[in-house]
4 protein chains.
Amino acid sequence: MQNRTPAGRTGRPRNAAADTAILAATREALVELGWSRLTLGDVATRAGVAKTTLYRRWAGKHELVVDAVAELFDELELPDSGSLAADIEGVVLQFAAILARPEARSGLMAVVAEATRDDALRERIRASIVDRQLRLVLEGRARAQRRGELPPEPDPAESARTVDLIFDMVAGAVVHRTLVSGKPADQEWVHGFTRVLLLGLTARPGEPDGAGGPDKAAGRV
Amino acid sequence: MQNRTPAGRTGRPRNAAADTAILAATREALVELGWSRLTLGDVATRAGVAKTTLYRRWAGKHELVVDAVAELFDELELPDSGSLAADIEGVVLQFAAILARPEARSGLMAVVAEATRDDALRERIRASIVDRQLRLVLEGRARAQRRGELPPEPDPAESARTVDLIFDMVAGAVVHRTLVSGKPADQEWVHGFTRVLLLGLTARPGEPDGAGGPDKAAGRV
Amino acid sequence: MQNRTPAGRTGRPRNAAADTAILAATREALVELGWSRLTLGDVATRAGVAKTTLYRRWAGKHELVVDAVAELFDELELPDSGSLAADIEGVVLQFAAILARPEARSGLMAVVAEATRDDALRERIRASIVDRQLRLVLEGRARAQRRGELPPEPDPAESARTVDLIFDMVAGAVVHRTLVSGKPADQEWVHGFTRVLLLGLTARPGEPDGAGGPDKAAGRV
Amino acid sequence: MQNRTPAGRTGRPRNAAADTAILAATREALVELGWSRLTLGDVATRAGVAKTTLYRRWAGKHELVVDAVAELFDELELPDSGSLAADIEGVVLQFAAILARPEARSGLMAVVAEATRDDALRERIRASIVDRQLRLVLEGRARAQRRGELPPEPDPAESARTVDLIFDMVAGAVVHRTLVSGKPADQEWVHGFTRVLLLGLTARPGEPDGAGGPDKAAGRV
DNA sequence: ATTTAATCGAGACGGTACGTCCCGTCTTGTA
DNA sequence: TACAAGACGGGACGTACCGTCTCGATTAAAT
């Protein structure tokens, strides 16, 4: 994951169990202490490992936490609920549930904050967390197209842009709701959000457009 | 701002200019060093102030940065562009421009991260940053209603929920685009985002609904 | 004591009671906290006085403590016990009793320590504490001469040297016993000490001299 | 010296040279700055050592200075001058010479002052400085007994009491002369002091006793 | 079986920043 | 003027972690 396999074959090999123990200890410490009070010395102690061992495998606190948090998001699965709207609602709810867990909340924003000044870290976050979950959007769209809920994509560039937009809107809204507004992203909220998102993506523009005839607009703002 | 006004009348009064200098020095340090390398000792030096003076007024790094960043968002203004869509685009662009500035990027996510474990800090962020900008959503809606672009609100509770949702969607998407995806929230992106948002909020559900007739949907996903 | 009388007559006169209160508060703080933890801010608070008032009258911690401790030694009185030996024992016991009090122990050595690098402070100690008690030696000798226990002094220079020597031996031995050896300078010890001192000062040298016939020496070493 | 030898075998061993460098730096700083201006940060810098290293080995300023000063007194040697009086004079002169050095003057009284409120510190002073030099008294007496200048000790308890008394008188008088009276403990003074001390210890009580016939007393008071 | 080389635990190390405490000065309003 | 109150610039404190290093002791693969 984070470390080159030893490459050269001679010498004592690394203890593979240590990686697992360290990442688990990291999440445990995140829960108990939060990002800012978490120290690598403490993580090493919890993992029953020397500090040197930890530094041999990770460059620092940020990298370690990215890996520890990334594992959490691998649990995400696209449910097959029969309709696109229900599929999206299901996945957003799962995402919200993960963000509600303290080991994710605390660490995720912190590494994002640091990534604003550290390109390598941002790349690591993208690779470990964001890109790995793009699969959900892609698979969801494909399934909806198979069902006939969505038309096929004529323009690949436009398609990629839309995938990015959906991802930013979903992840952004849930994160903001959970971490900034400090309110739960519960069933009701997710339903309302999904409705607006899907309507916005699929409604015919022109007619009941935002700039269009107000007399007919029934939407609530 | 952060400190009880002296209230009691005796003793030497606080130097009001120090507050201004400290907040400016904080932003300067955020630009040069970023959140994690910013130290209060350095900020004090930059502001030409003793470290003790700084600690007398702010409880710590997080509180200080919240106040320093909050001032940035007070620049936001709702443009009067003639249409709701254009107004929203204008304000989102302004918001994106602020988030593009390093003094905002670096500090904002860090305090949000810390706020996940510190209720007082979250409250401070809400009061200093989030709630102060809710005015934009409220005023924008009122103006659109005056123009006839939006109907009046029948249900106050539903209305508040929608304002919250809009705020989470706008702020969340822009933040995620800028800080996580690491791509610019430029004119083009803002236009696309605004279109989806407004359509989602105003389109008549039922007809070209996400669950509705796929054959007619012209939306791009 | 420590401060020039205001001299110029205009303006609000100093509160004379403050001096007393400050010195008492200093001794109180010495008892409770010892020298190293005593702070001028705390003394001011105890005395019900502002820090400014304290600094207007004393230059610093050292000067203040010298004055506070000096007052303790003014209690010393030469008892009239009928014999030189008994007079000396009495005064040495009184001296030991003062040194046993925490307000004296703690402060005295500290100012002496500082005086090794501060000539003005050493002079202040000499004037306030040491010289004021030379009277005891002088009066004791005069009384013994009146009684016929000691011969009159033929040589004034030699006389002054002897007074100094006595003072250094008495004060030094008691201080060392009390503060360094950490054992009480009690009746028994004072008796033994006085015996050696007086014998050393009055015995005819030459005969049972330390360099003399060892076979006849009955002294204990 | 001050720190448990590593005992346990694991881990990087302490750098023994650091102890030496730190104690030397401490004495250097005492000379230049005196006790009250000496800071541990400065000592660490002078020793080319991190502040943490210093704190890892000494509990604080007082303990450090005790050790730094204690080494000075290890230079003391009992000269073999042929007579008890000359031996004592020699050792007292050496002692006075050490106390005349600024690194001793400045620190010694300060730690004694602090020791009045800190039993552990007093014990450390006794063990590191006082008890280590008792050897001089013991050896001097033994040598004088071998020479026949002093009789053997019949009573061990009385003997110990006398050793203590001698130590308090010698150390006390020299310290007081040097640090309080502020006059040099030079050849002449030491000679006078030694004469009184030795006479007091060896003269036959009863005859020219302090309480005895004043007409025959030739001593000067 | 021995060598070889990397890993492991432990913990000392140089270093940076922390947040606190106290210093001695200053600036108010009141007496 | 003096005084109470308290803010101020400054300096040192002692602590906590950082990330590196030096140990002696394992531990396997390569000899």
Side-chain angles (χ1 to χ4, degrees), chain A residues 6-15 18 37-45 48-61, chain B residues 3 6 8-16 18 36-42 44-45 47-61, chain C residues 6-15 18 36-42 44-45 48-61, chain D residues 3 6 8-16 18 36-42 44-45 47-61:
Chain A
R9 75 215 93 279
T10 173
R12 177 175 174 176
R14 290 206 177 150
N15 177 356
R37 316 249 275 256
L38 176 152
T39 71
L40 294 204
D42 178 59
V43 168
T45 304
V49 141
K51 238 188 340 164
T52 10
T53 299
L54 207 157
Y55 276 104
R56 218 173 273 121
R57 303 178 187 211
W58 282 275
K61 190 169 163 175
Chain B
N3 31 9
R9 69 225 100 287
T10 82
R12 176 175 174 175
R14 289 205 176 156
N15 178 356
S36 64
R37 312 247 267 260
L38 177 150
T39 71
L40 294 203
D42 177 59
T45 303
V49 142
K51 210 169 33 142
T52 36
T53 296
L54 207 156
Y55 276 105
R56 227 173 263 125
R57 304 182 183 208
W58 282 275
K61 191 169 163 173
Chain C
R9 78 214 87 274
T10 173
R12 176 172 171 178
R14 288 202 177 155
N15 177 354
S36 63
R37 317 248 274 255
L38 176 150
T39 71
L40 294 204
D42 178 58
T45 304
V49 141
K51 243 193 329 170
T52 7
T53 299
L54 207 157
Y55 277 104
R56 216 173 276 121
R57 304 180 186 209
W58 280 277
K61 189 170 165 174
Chain D
N3 30 12
R9 69 224 101 289
T10 81
R12 177 174 173 175
R14 291 210 174 152
N15 177 357
S36 63
R37 312 247 268 259
L38 176 151
T39 71
L40 294 204
D42 177 59
T45 303
V49 142
K51 212 169 31 143
T52 37
T53 296
L54 209 156
Y55 277 105
R56 226 173 263 124
R57 303 180 183 209
W58 282 276
K61 192 169 163 175

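All chains are named by letter (A, B, ...) in the order of the sequence lines, taking the proteins before the strands, and each is independently numbered beginning at 1.
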Inset, instruction - For E/dC8, take OP1 and OP2 only and decide whether either is under 4.0 Å from a side-chain N or O of A/Arg57. - result: yes
Inset, instruction - Measure from the side-chain heavy atoms of B/Pro13 and tell me the nearest of E/dT28, F/dG9, E/dG11. - result: E/dT28
What N/O pairs connect the protein and nucleotides 13-17 of chain F at under 3.5 Å? Give each pair on its own line.
| unit_1 | atom_1 | unit_2 | atom_2 | d |
| --- | --- | --- | --- | --- |
| F/dC13 | OP1 | D/Leu40 | N | 3.2 |
| F/dC13 | OP2 | D/Leu40 | N | 3.3 |
| F/dC13 | OP2 | D/Gly41 | N | 3.4 |
| F/dG14 | OP2 | D/Tyr55 | OH | 2.6 |
| F/dG14 | N7 | D/Lys51 | NZ | 3.1 |
| F/dG14 | O6 | D/Lys51 | NZ | 3.0 |

Legend entry - Residue whose closest nucleotide on DNA chain E lies nearer the 5' end, D/Gly48 versus B/Gly11: D/Gly48
Inset, instruction - Let me know, please, whether A/Val49 or D/Thr53 comes out on the 5' side of the other along DNA chain E by nearest nucleotide. - result: A/Val49
Legend entry - Protein-nucleotide distance (D/Leu54, atom CG; E/dA12, atom C1'), rounded to Å: 14 Å
Inset, instruction - Please report the closest heavy-atom contact between B/Val49 and B/Leu54, naming both atoms and the distance. - result: CG1-N, 4.3 Å
Inset, instruction - Would you indicate which nucleotide in E/dA5, E/dA10, E/dA12 comes nearest to any side-chain atom of D/Arg14? - result: E/dA12
Legend entry - Side-chain donor/acceptor of C/Arg12 to base of F/dC3, under 3.5 Å: no
Inset, instruction - Starting at atom CG of C/Asn15, determine the distance to atom P of F/dT1, rounded to an integer number of angstrom. - result: 18 Å
Legend entry - Interatomic distance, B/Thr39 atom OG1 to B/Lys61 atom NZ [nearest 0.5 angstrom]: 7.5 Å
Legend entry - Shortest non-hydrogen contact between C/Arg57 and C/Ala18, atoms and distance: NH1-CB, 3.4 Å
